[in-house]
Amino acid sequence: MSPLDTISTSRRAFLTGAGALMIGVTLPMKTRAQGAASDVASHAYNAFVRVGTDNLVTVIVKHIEFGQGPWTGLATLVADEMDAAWGQIRAEHAPADNDRYTNKVSGGMQITGGSTAMADSFLLMRKAGAAAKSMLVSAAADAWGVPAGEISVERGIISHAGSGQSATFGTFAEAAATLDVPQEPSLKTPDQFIYIGKGVPKLDTASKSNGAAIFTLDVYKDDMLTAVVEHASVFGATVASFDDTMAREVSGVADVKQLSSGVAVFGANTFAALKGRKLLDVSWEMSAAETRTSDEIMAERVTAVQSRGAVAGEAGNVDVALSEAVTTLEAEYTFPYLVHAPMEPLDAVIARREDGGIDAWLGSQAPGFDQQAVAAVTGVELEKVHIHTMLAGGSFGRRAQPMSQFAAEAAEVFMAAGGERPVKLMWTREDDVRGGFYRPVTAHKMRGGLDADGNIVAWDHVMAGQSFLYNTPFESMMIQNGVDAGLVEGGSAIPYAVPNFNASCHILNCPVTTLWWRSVGHTHTGYTVETFIDELLAKGGKDVVEGRLALMGEHQRLAATLRRVAEMADWGRSLPEGHALGVASVESFRSYVSEIAEVSIEDGMPRVHKVWCAVDCGIAVNPEIIKAQMEGGIGYGLGAVLFNELQLGSGGEVVQSNFHDYRSLRISEMPEVETSIIASQEAPTGVGEPGTPPIGPAVANAVRQLTGEPVRHLPMIKSLKA
Amino acid sequence: MKVTLNVNNQDRAVDVDPDTPLLWVLRDELRLTGTKFGCGIAQCGACTVHVNGRPRRACVTPIASLEGAAVTTVEGLEGETAQAVQDAWAEFDTPQCGYCQSGQVMTAAALLSVNPAPTDKEIDESFAGNICRCATYVRIRKAVKAAGKKLEG
């Protein structure tokens, strides 16, 4: 059970009592899937499935689709249990409702994160589909006067062999909607699955290949203003005064207003707003500003890790073991701030409804939180704030803000414009890169000890970083006894049996805003643990694959991925001159991934030729989506470890601003990727994040073999080319 | 400033600030929203359109430079090459978040229209200006090759 489940006993009781299907819920009939604009009657069978008289089945997905595949994945579950034809399936985002659309894996609120969509929805959505099928069958049985048990359903066709009758779902859509929703519909056994594990074409591919897919930026309303906000370039600075004379002279600039976060320029069109913003002259109040450089912030963390912090995990006596070890190894690691930089910078459209309520369109990762923030800023009661979760151009964690700062800014902008005209708030790439909510800077110190036979007998790991969960609803569940679970995950426990173990952390906060970044703590703990174990094994004279396997006693699912990937890469084979293989295995978000990278050095930097990847994520609902997520997670992680560092320069000013100085991995730098999925009947787990952690250490471990030097300071371009 | 240009085979007249990038004319004035904003400085390629048949970053192309030009956006992409590209994009389920894919598709169509059998190096060069933060590059490469094969028959 997730710790947040304990927050509200009443909520937990409600969830338990109501079962998986929310009975008697009336869903808004006006909401439609993209590309499924039909005016036919559509009937809500439960909170997750609607069947229309046009024979379309709409699956309501409570997890946002920004590339990881929940629309297709969750619709697959419904379609399979319904025995629908895949072609009749549509998907749409659920409205904001922390109760009805709660994520029980991620703490009892409506949130997409922690790679939980499939884990949270696997049984829920199958039950929804099975219930809908059962109701359609009952309606057909009533109409045909035959026993429901004699009716079969195949690929969207309901039929009764005895009487030769058959019909589509649409035929009985209305009649079925009047029936009781079965509480515990019988579910298929795995051998009966028609789509799960087989794969279906993604629902959003066509619209994302022809320009038809509608993102938040594509929402236009009559009489809409577009706003851009000038933010401080130093964290913690606030507006002291501003001169907008020049900005207001720009044709199309409608207004300029001060906000709590900066100064908003409103344009009749986007270009006017952008042009006006350039001409603003803002003076900033600096008394609460963070004026240190990122190097100074890092130095504070490096100093901190010289001594042990709050204990996150321990076994045996690491100090004694280190003092008695025959060989020891000590290493310091540093990890920079990282920007998520999703392709679509943050944006939102807010409009007033006729009843005084609010419509908000945005790529909301936590619609319940965003709804509360918009309600608070606009003064409109919660029930009258309608969040329309949009397809979003990536996120990687950026759109899940526990305190909904972006949604609040959008609402503030809307109110500053008068609270009546629709307003689109658009962040530019510069706003995105300079706007904080970064992967925090962290420092690590590792000490390891080997006995005379090269066995690892001691492991001491000290971490220091910022917590982004202080003063958020997650604080009580995530931060306990000075340990932030999001900082130490992957480091507080390791998959290797080491008799004397200690992991501890220092939380050092500062005004630079930080946030979870694809795979969260594993972005740095995966790197430290997997490069350090590799060094220790090598130092002890062990093969780094066999050596890992020998220590993975209780972690056999992870071990299976390592064995598989070693076979795929033909570990131990002779390689082309100047090439080396590096390996890493990381369990994250309840999924298990091992990767091997084939690397050479070109112009002082690693060139990754190929990556082999083996993943165990339980039942593989859609194998191609899993493979695509491994490819994407590898590319995302590789670009960051090779190139990325967000720096604060003199006076705390952010140095980088756009893709020219905050490089993204490009196609020529993307390795070939071969992924194998471990066959499993375990409950499915996530794939959005787990592909990312192993790639950095796998590459670093190969580089160490090629150069003889470990890479302990990221990005690699800084440590290898400096 | 009044500018007349041809967009997706239709003559369109717009009256905007002459410095306005084509991107914002397409989106704000013509409501062709398939062309995306990603960086504003010709670094990411999300705004790739065809101007007189060749790929161009709409975010840095002033409208004043386009009097009489023929612009094709993803919405107006048609013909054998376009179909082959979009079919291949479907075959490999290439998009993830999808936000950069209009630009990727436009780049693919422009490449294949002059070179239906690109090498890996030629693909790298053509797509060097198109960032995909989801890193769908593996599938983009496969899809471009598959579309090219189909075009070559």
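Proteins get letters first, then strands, A, B, ... in listed order; numbering begins at 1 in each.
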Checklist entry - Checking side-chain contact (heavy atoms from CB on, under 4.5 Å) against B/Cys39, which of A/Asn658, A/Thr428, A/Val433 comes through? => result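 By the side-chain contact (heavy atoms from CB on, under 4.5 Å) criterion, B/Cys39 pairs with just one of A/Asn658, A/Thr428, A/Val433: A/Asn658.
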
Any donor-acceptor pair under 3.5 Å from [X] side chain to [Y] backbone:
X: B/Tyr99; Y: A/Phe215; answer: no
X: B/Gln86; Y: A/Ser209; answer: yes
X: B/Lys36; Y: A/Leu217; answer: no
X: B/Arg133; Y: A/Ala341; answer: yes

Structural part of [X] lying under 4.5 Å from a heavy atom of chain A:
X: B/Ile131; answer: both
X: B/Ala90; answer: both
X: B/Asp28; answer: both

Next on the checklist: For A/Asp222, I'd like to know if atom CG has over 12 heavy atoms of other residues, nucleotides or ligands within 6.0 Å.
Outcome noted: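 Not more than 12 within 6.0 Å, no.
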
Item to check | Proximal component of A/Ala628, with respect to chain B [non-hydrogen, under 4.5 Å] | outcome: both

Checklist entry - Given that the side chain runs from C-beta out, which part of A/Leu638 has a heavy atom under 4.5 Å from chain B: side chain, backbone, both or neither? => result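 Contact with chain B is absent: no heavy atom of A/Leu638 under 4.5 Å.
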
Next on the checklist: Looking only at heavy atoms and a cut-off of under 4.5 Å, which of A/Ile667, A/Val673, A/Thr205 has the most pairs with chain B?
Outcome noted: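 Maximum pair count with chain B is reached by A/Ile667.
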
